[in-house]
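Letters A, B, ... mirror the listed sequences (proteins, then strands); counts begin at 1. Heavy atoms only: backbone and side chains are in, while hydrogens, waters and symmetry mates are out.
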Protein chains: 2
Amino acid sequence: MTLSLLDRTSVLPLYYQIQQGLLDQIRSGTLKAGDAVPSEQEIAERLGVSRMTARQALKSLRDIGVTYTERGRGTFVSANKLEKNIRQVLSFTEEMAARGLRASSKVLSFETVQAGEEIAAALHIQKGDTLFKLQRIRMADKSPMGIECSYIPQHLCPDLLKTFDPAASLYRTLSERYGVRMTVADEVVEAALVSAQDARMLQIPRGSPVFVFTRVSRVQSGQAVEYVKSTYRADRYKITHRLTRLNQELLTK
Amino acid sequence: MTLSLLDRTSVLPLYYQIQQGLLDQIRSGTLKAGDAVPSEQEIAERLGVSRMTARQALKSLRDIGVTYTERGRGTFVSANKLEKNIRQVLSFTEEMAARGLRASSKVLSFETVQAGEEIAAALHIQKGDTLFKLQRIRMADKSPMGIECSYIPQHLCPDLLKTFDPAASLYRTLSERYGVRMTVADEVVEAALVSAQDARMLQIPRGSPVFVFTRVSRVQSGQAVEYVKSTYRADRYKITHRLTRLNQELLTK
DNA sequence: TTGTACTAGCTGTCTATACAACTAGACGTG
DNA sequence: CACGTCTAGTTGTATAGACAGCTAGTACAA
């Protein structure tokens with residue numbers, strides 16, 4: 001077992017360098033599923049760091065699920081793969097890229113509207129507040145994948161109507177121009193039959209199955225910043241995600 | 001701001017007691033969304049622990065998403081709710097209970113079969129290895145919710161055919177009798193039209209939309225232990241889940 | 001053979017301390 | 001008013017050490 005040496009002049013923290021070194025070895029297959037990762041002691045001695053620093057590096061690997069720990073035995077590489085295409089908060093462009101497809105969009109409408117009951121409740125704003133409404137057809141490799149309709153409170157990005165280039169990524173614009181970075185989202189997924197109107201736009205037969213997503217995206221503070229309703233073709237689109245078992249003690253009480 | 005005192009004679013770690021104390025205050029509304037949580041310093045002084053212990057408690061809260069941190073400013077309560085019914089690895093019984101429904105099952109078949117190509121690949125076993133196959137209709141409040149078919153390698157639980165009471169929970173039996181605790185699962189979700197046969201069993205019209213789940217459940221080490229294929233009624237069943245944005249640095253390389 | 005005691009090695013928890021990096025506000029100067 | 005400077009408070013990183021609790025193996029005794 002080799003451990004790459006640390007760059008003590010780097011701005012990158014030591015625990016992060018250690019984490020990345022181990023991750024490299026796991027990705028490259030030097031460390032295989034089931035193998036023992038070097039112990040905290042060993043890392044500490046070999047790299048000349050304190051045990052707590054080594055521990056922090058190992059903990060970060062465990063947190064993302066690539067290793068697991070058995071008390072009194074050691075830390076081992078898990079057989080869980082770091083999959084790029086597990087469902088997470090991504091822009092459509094990013095998500096299609098992860099699937100190896102080229103994303104594009106066709107804007108159907110882009111306007112301001114007044115918030116109705118449901119959206120106001122979801123976004124924690126007043127009924128009647130002004131929202132941007134952006135409706136797009138989402139295309140992957142030039143054929144339609146879904147219809148998406150986003151609502152965003154105007155006060156978060158007052159001049160969006162002027163500054164937003166519909167060809168660009170909405171998420172990127174919000175992040176770069178307004179500092180609004182969505183990091184968590186709650187989503188309800190339904191399976192349904194496509195409506196006649198949607199069937200035309202999606203170029204699928206009437207009565208085809210579709211996914212209907214209702215998503216509320218949030219920033220780090222938990223503040224809801226986007227309400228999205230979308231309809232995706234079930235013949236082209238599948239959901240791939242990873243479930244974990246949460247700590248029951250935290251939820252039940 | 002009050003902080004409940006610690007029990008130094010308890011087997012529960014100090015950081016855990018602190019975490020629970022803060023969690024109680026958040027749940028009870030004493031600490032509301034956006035409020036500042038006591039700083040590491042303050043917790044350390046008031047409870048007589050070291051700063052690193054206080055830090056560990058705060059980090060555990062951040063990890064589960066109930067707080068977030070701004071460097072140089074402090075730690076704050078997030079508006080994310082700890083929801084019971086976000087999608088996670090649960091037995092059917094547990095999941096229905098979280099939705100306020102009473103689960104029951106009807107066993108259609110319970111037998112051993114030889115693994116085919118697809119399942120062998122998913123479970124990392126040899127084609128032809130012996131599997132238990134358990135096919136059930138899942139009922140919620142006495143009406144059908146879905147059809148589920150589980151495959152489990154025989155070597156994990158050799159005498160399951162004899163010991164398993166079909167009225168009991170498969171997950172609980174595996175956990176208690178064989179120490180097989182599934183903690184993570186990868187799932188593919190499709191939307192489709194119900195087959196004629198399934199429509200009869202689910203008591204829904206032909207051509208209704210359904211969810212089709214293909215799930216591989218794993219234990220902590222990442223070893224796959226269960227392959228499940230299920231068909232759920234879309235008129236009664238919705239998916240509710242929480243997405244997060246993963247650290248891109250970890251995935252892209 | 002069975003069980004007990006011991007040991008080496010591992011992770012889990014906790015302390016005490018230090019310095020770096022950042023935020024927000026107060027204060028003074030031009 | 002605008003712009004630095006300073007300071008108090010906060011989180012981030014890192015060190016060195018201590019003891020508890022668990023695992024797996026070894027050695028020894030009954």
Side-chain angles (χ1 to χ4, degrees), chain A residues 1 3 5-22 31 34-63 65-78 179 220-221 247 249, chain B residues 1 3 5-22 31 34-63 65-78 179 220-221 247 249:
Chain A
M1 256 303 307
L3 286 173
L5 295 177
L6 302 178
D7 177 1
R8 295 218 165 229
T9 69
S10 167
V11 291
L12 298 176
L14 298 178
Y15 77 88
Y16 181 81
Q17 295 181 44
I18 298 169
Q19 180 220 74
Q20 288 296 311
L22 291 169
L31 284 172
D35 287 356
V37 164
S39 72
E40 297 170 359
Q41 270 294 348
E42 195 176 344
I43 293 173
E45 281 170 17
R46 293 241 291 262
L47 297 182
V49 298
S50 75
R51 191 191 137 206
M52 292 307 282
T53 301
R55 182 174 174 77
Q56 191 177 0
L58 291 182
K59 175 137 187 344
S60 68
L61 291 177
R62 194 182 35 183
D63 284 348
V66 306
T67 63
Y68 64 98
T69 288
E70 290 186 25
R71 184 169 183 170
R73 295 223 314 133
T75 301
F76 306 89
V77 179
S78 157
Q220 201 188 23
S221 70
N247 190 338
E249 296 161 15
Chain B
M1 254 303 308
L3 285 172
L5 295 177
L6 302 178
D7 177 2
R8 296 221 165 228
T9 68
S10 168
V11 290
L12 298 175
L14 297 179
Y15 77 88
Y16 181 81
Q17 295 181 43
I18 298 169
Q19 180 221 74
Q20 289 296 313
L22 292 169
L31 284 171
D35 287 357
V37 164
S39 73
E40 298 171 357
Q41 271 293 348
E42 194 176 343
I43 293 174
E45 281 170 16
R46 293 241 290 261
L47 296 183
V49 298
S50 77
R51 191 190 138 207
M52 292 308 283
T53 300
R55 182 173 175 76
Q56 191 176 0
L58 290 182
K59 174 135 189 345
S60 69
L61 290 177
R62 196 181 36 184
D63 284 348
V66 306
T67 63
Y68 65 99
T69 288
E70 291 186 25
R71 184 168 180 171
R73 295 223 313 133
T75 300
F76 305 90
V77 179
S78 158
Q220 199 188 25
S221 70
N247 189 338
E249 296 160 12

Integer-rounded Å distance: dC14(C) P and Asp7(B) CG: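 My rounded result for the distance is 12 Å.
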Which residues share a ring-ring contact (aromatic ring centres under 6.0 Å, His included) with Tyr15(B), sequence neighbours left out: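 Tyr15(B) satisfies ring-ring contact (aromatic ring centres under 6.0 Å, His included) with no residue once adjacent residues are dropped.
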Side chain to side chain contact (heavy atoms under 4.5 Å, CB included) assessment of Leu22(A) paired with Val66(A): CA-CA 10 Å; Leu22(A) 291 169; Val66(A) 306; over 6 Å; no
Gap between atoms CZ and C1', on Arg51(A) and dC10(C) respectively (whole Å):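 It works out to 8 Å between those atoms.
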Val37(B)/Val77(B) under side chain to side chain contact (heavy atoms under 4.5 Å, CB included): CA gap, chis, key distance, verdict: CA-CA 7 Å; Val37(B) 164; Val77(B) 179; 3.8 Å; yes
Criterion salt bridge (Lys or Arg N to Asp or Glu O under 4.0 Å) against Glu40(A), the qualifying member of Arg55(A), Arg46(A), Arg62(A):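 Filter result, single survivor: Arg55(A).
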Interatomic spacing from CG in Leu6(B) to CD1 in Ile43(B) - rounded to 0.5 Å: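 Between atom CG of Leu6(B) and atom CD1 of Ile43(B) there are 10.0 Å.
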Rounded distance (Å) that lies between atom C1' of dT11(C) and atom CD of Glu70(A):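 In whole Å, dT11(C) C1' lies 11 Å from Glu70(A) CD.
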Closest-nucleotide ordering on DNA chain C, the 5'-leading residue of Met52(B) and Arg73(A):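 Final value for this comparison: Arg73(A).
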Phosphate OP1/OP2 of dT11(C): any Thr75(A) side-chain N/O under 4.0 Å: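 Checking dT11(C) against Thr75(A), a side-chain N or O does come within under 4.0 Å of OP1 or OP2.
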Distance, rounded to the nearest Å, where Gln41(B) contributes CD and dA16(C) contributes P: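 Taking atom P of dA16(C) as the reference, CD of Gln41(B) is at 13 Å.
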Heavy-atom closest pair, residues Ser60(B) and Gln19(B):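 That would be OG-NE2, 3.1 Å.
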Nucleotide dT15(C), atom P - distance to CD of Glu45(B) in whole Å: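 Taking CD of Glu45(B) and P of dT15(C), I get 14 Å after rounding.
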Atom of Ile18(B), atom of Ala57(B) and distance for their closest heavy-atom approach: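 In terms of heavy atoms, the two residues are closest at CG2-CB, 3.6 Å.
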DNA chain C: stems of at least 3 consecutive Watson-Crick or G-U pairs whose donor-acceptor distances fall under 3.5 Å: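 Stems (3+ consecutive pairs) listed as C:1-30 with D:1-30.
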Value in whole Å for how far the C1' atom of dT11(C) lies from CG of Leu61(A):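 Result: 15 Å.
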Spacing of Ile18(B) atom CD1 relative to dT15(C) atom P, expressed in whole Å: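 Computing the Ile18(B):CD1 to dT15(C):P distance gives 8 Å.
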Closest heavy-atom pair and its distance - Gln17(B), Ser10(B):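 Shortest heavy-atom contact: NE2-CB, 3.7 Å.
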Nearest-angstrom distance from the residue atom NZ of Lys59(B) to C1' of dG12(C):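 Between C1' of dG12(C) and NZ of Lys59(B): 15 Å.
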Along DNA chain D, first and last positions that approach a heavy atom of chain A under 4.0 Å: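 Taking any atom under 4.0 Å from a heavy atom of chain A, the span is dT13(D) to dA24(D).
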Atom pair CG (Asp7(B)) and CG (Leu12(B)), whose distance is rounded to the nearest 0.5 Å: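 CG of Leu12(B) is found 8.0 Å from CG of Asp7(B).
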